[in-house]
Amino acid sequence: MPATIKDIAKRLNISVSTVSYALNGGPRQVQESIRQKVLEVAKELDYRPNRLARSLVTRRSFCIGVIPAGRFINTMMSPYVQLCMNGIVNKAEELGYDVLLYTRYDQSQVDEMANTLLDGRTDGFICLSPPIGSKLIDLLADKKLPFVATSTIHHPQAICYNCDNEQGVRTAVSYLAEMGHTKIGHISGSAWLEDAQIREAAYRSEMSRLGLSIEPNWVQCGDFHHDFGGAALQRMMSGPNPPTAVFSANDEMGVGAIRSARQMGLNVPDDVSIVGFDDIPLSQYCQPSLTTVRQRVEDIGAAATIGLAALIEGKDNVCSTLFPTELVIRSSVAPLKQRSE
């Protein structure tokens with residue numbers, strides 16, 4: 001039969017509550033000498049803590065919840081979600097937290113989610129890429145529940161961890177311009193996500209700064225999905241004045257664009273140069289390998305976990321963080337003068 005805190009208390013001739021406080025770090029302080037004795041006896045008796053009992057004492061579950069942006073169907077197929085979750089899980093383990101992934105609802109189903117989110121199973125929440133105008137964020141803020149987001153969202157109480165989208169887009173577009181390209185198109189992401197809007201706005205701003213015009217057909221939505229990204233490139237390149245280079249708002253769409261270009265009989269980068277965003281693992285293995293803007297997705301997930309843990313512990317020095325990006329040059333871009341005529 002497994003040892004209990006009563007066995008530890010009996011061995012040391014102290015109260016059960018003192019053992020509980022020593023093992024759980026509170027809520028009352030225990031002399032360090034007594035705490036050490038409790039830990040020694042717990043190890044000797046091979047004591048395994050009862051998580052439910054611990055949560056009753058500490059009023060914490062030591063579990064953080066992760067809420068994906070959209071419906072859970074195929075969510076884990078997203079390279080961004082995979083990398084971000086890896087950063088979250090690794091850091092949560094290091095900090096002593098379990099991770100609960102909410103799979104039944106998307107972030108728009110606030111009324112249905114309310115009871116689930118408030119049932120005490122998790123101490124706080126990481127919202128993956130909340131949609132614009134997310135009512136979930138309002139709910140978490142109104143209930144004063146600890147939460148952070150892994151992308152940009154404009155809410156007075158939202159603490160966000162994200163890459164510097166504007167910096168990354170400026171770097172990508174200016175690099176294409178340096179390669180001699182003046183006709184630069186854009187495959188945009190999901191319109192309901194702030195990151196997609198910021199990246200498109202940054203693309204337009206940088207094109208304007210460079211004195212480059214944008215034809216209407218040069219901006220096509222790919223919805224952050226490889227198939228739709230490929231279709232977006234086909235629409236773009238089928239117009240009367242196709243671009244010579246394309247900036248894709250993520251790598252998935254960029255890879256889809258490379259595939260579609262090949263299907264159209266176009267050579268990348270000789271006929272059209274393509275730059276992505278994210279630097280997912282696939283970007284270096286596709287043919288040609290994808291030049292892209294690297295964002296540190298796993299570091300963002302880890303930082304969000306650290307920030308959430310600090311909020312759970314009542315710390316008030318937690319603030320939003322922007323991570324720098326960097327351009328990774330591979331084979332999908334060529335100078336304009338090297339294009340086949």
Side-chain angles (χ1 to χ4, degrees), residues 1-68 76 84-104 113-128 139-141 143-148 150 159 161 298-319:
M1 187 173 181
T4 67
I5 59 174
K6 291 182 179 180
D7 298 322
I8 300 172
K10 184 177 180 180
R11 172 74 67 87
L12 294 172
N13 195 28
I14 59 178
S15 69
V16 170
S17 58
T18 299
V19 174
S20 177
Y21 300 150
L23 292 172
N24 295 303
R28 293 183 183 177
Q29 270 193 323
V30 176
Q31 291 181 14
E32 182 61 22
S33 59
I34 295 177
R35 191 181 77 85
Q36 288 299 329
K37 290 180 180 179
V38 169
L39 294 177
E40 289 172 5
V41 173
K43 183 176 181 181
E44 179 186 337
L45 296 178
D46 196 24
Y47 167 75
R48 296 284 185 264
N50 183 311
R51 188 154 194 156
L52 178 59
R54 183 189 184 196
S55 66
L56 291 173
V57 173
T58 62
R59 296 185 180 180
R60 289 173 54 185
S61 66
F62 294 91
C63 182
I64 59 176
V66 177
I67 308 173
M76 293 308 297
C84 197
M85 284 297 301
N86 198 51
I88 290 170
V89 170
N90 287 342
K91 184 55 64 174
E93 180 181 5
E94 182 181 320
L95 296 175
Y97 285 87
D98 282 327
V99 175
L100 174 62
L101 183 62
Y102 285 85
T103 61
R104 290 180 57 196
M113 290 186 71
N115 290 334
T116 301
L117 297 178
L118 300 174
D119 65 8
R121 282 184 292 173
T122 50
D123 295 328
F125 304 90
I126 298 176
C127 303
L128 300 183
L139 171 69
L140 297 176
K143 297 299 182 181
K144 302 188 185 308
L145 295 171
F147 73 94
V148 298
T150 63
I159 295 173
Y161 296 86
E298 290 187 80
D299 290 347
I300 290 171
T305 307
I306 293 171
L308 178 60
L311 291 175
I312 291 170
E313 293 165 8
K315 298 177 182 177
D316 57 5
N317 60 342
V318 184
C319 58

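We count residues from 1, following the sequence as given.
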query = Are the side chain of D123 and the backbone N or O of F62 linked by a donor-acceptor pair below 3.5 Å?
reply =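 Flag set: sc D123 to bb F62 pair under 3.5 Å.
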
inquiry  = Using a 3.5 Å distance criterion without hydrogens, assess whether the side chain of D7 forms a donor-acceptor pair with backbone atoms of T4.
reply    =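 Here the side-chain-to-backbone pair exists.
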
inquiry  = Testing the 3.5 Å rule here: is there a donor-acceptor pair between the side chains of T122 and Y102?
reply    =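 Yes, because at least one side-chain N or O of T122 sits under 3.5 Å from a partner of the opposite role on Y102.
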
Nearest 0.5 Å, what's the [atom1]-[atom2] distance between [X] and [Y]?
X	Y	atom1	atom2	result
I5	K10	CD1	NZ	15.0 Å
F147	L139	CZ	CG	9.5 Å
Q31	K37	CD	NZ	9.5 Å
Y161	C84	OH	SG	12.0 Å

query = For the side-chain contact (heavy atoms from CB on, under 4.5 Å) test, which of I34, V38, I8 pairs with T18?
reply =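 Going through the options one by one, the only one that passes is I34.
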
query = Can you name the side chain to side chain contact (heavy atoms under 4.5 Å, CB included) partners of L145, sequence neighbours left out?
reply =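 For L145, the residues satisfying side chain to side chain contact (heavy atoms under 4.5 Å, CB included) (neighbours in sequence not counted) are L118, F125, L140, K143.
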
Just wondering, do [Y] and [X] contact through their side chains at under 4.5 Å, heavy atoms?
X	Y	result
P68	L101	yes
I88	L128	yes
Y97	T305	no

ask   = Given the rule in the side-chain contact (heavy atoms from CB on, under 4.5 Å) test, do I312 and I64 qualify, once you have shown the distances and angles that lead to the verdict?
value = CA-CA 10 Å; I312 291 170; I64 59 176; 4.0 Å; yes

Shortest non-hydrogen contact from [X] to [Y]?
X	Y	value
A310	V318	CB-CG2, 3.6 Å
L308	G124	CD2-C, 3.7 Å
P146	L311	CB-CB, 4.1 Å
C63	L100	SG-CB, 3.7 Å

ask   = So does N13 have more than 12 non-hydrogen atoms from other groups sitting under 6.0 Å from CG?
value =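 No, not enclosed.
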
inquiry  = Is it the case that atom CD in E93 sees more than 12 heavy atoms from other parts of the structure closer than 6.0 Å?
reply    =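 At most 12 heavy atoms, drawn from other residues, nucleotides or ligands, come within 6.0 Å of this atom.
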
request  = Apply salt bridge (Lys or Arg N to Asp or Glu O under 4.0 Å) to the pair R35 and E32, showing each step before the final yes or no.
outcome  = CA-CA 5 Å; R35 191 181 77 85; E32 182 61 22; 3.1 Å; yes

Check ion pair E94-K91 (N to O, under 4.0 angstrom) =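 Yes, charged N to carboxylate O under 4.0 Å.
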
inquiry  = Under the criterion side-chain contact (heavy atoms from CB on, under 4.5 Å), I'd like the reasoning laid out for M85 against V99: C-alpha separation, chi angles, the key distance, then a yes or no.
reply    = CA-CA 9 Å; M85 284 297 301; V99 175; 4.2 Å; yes

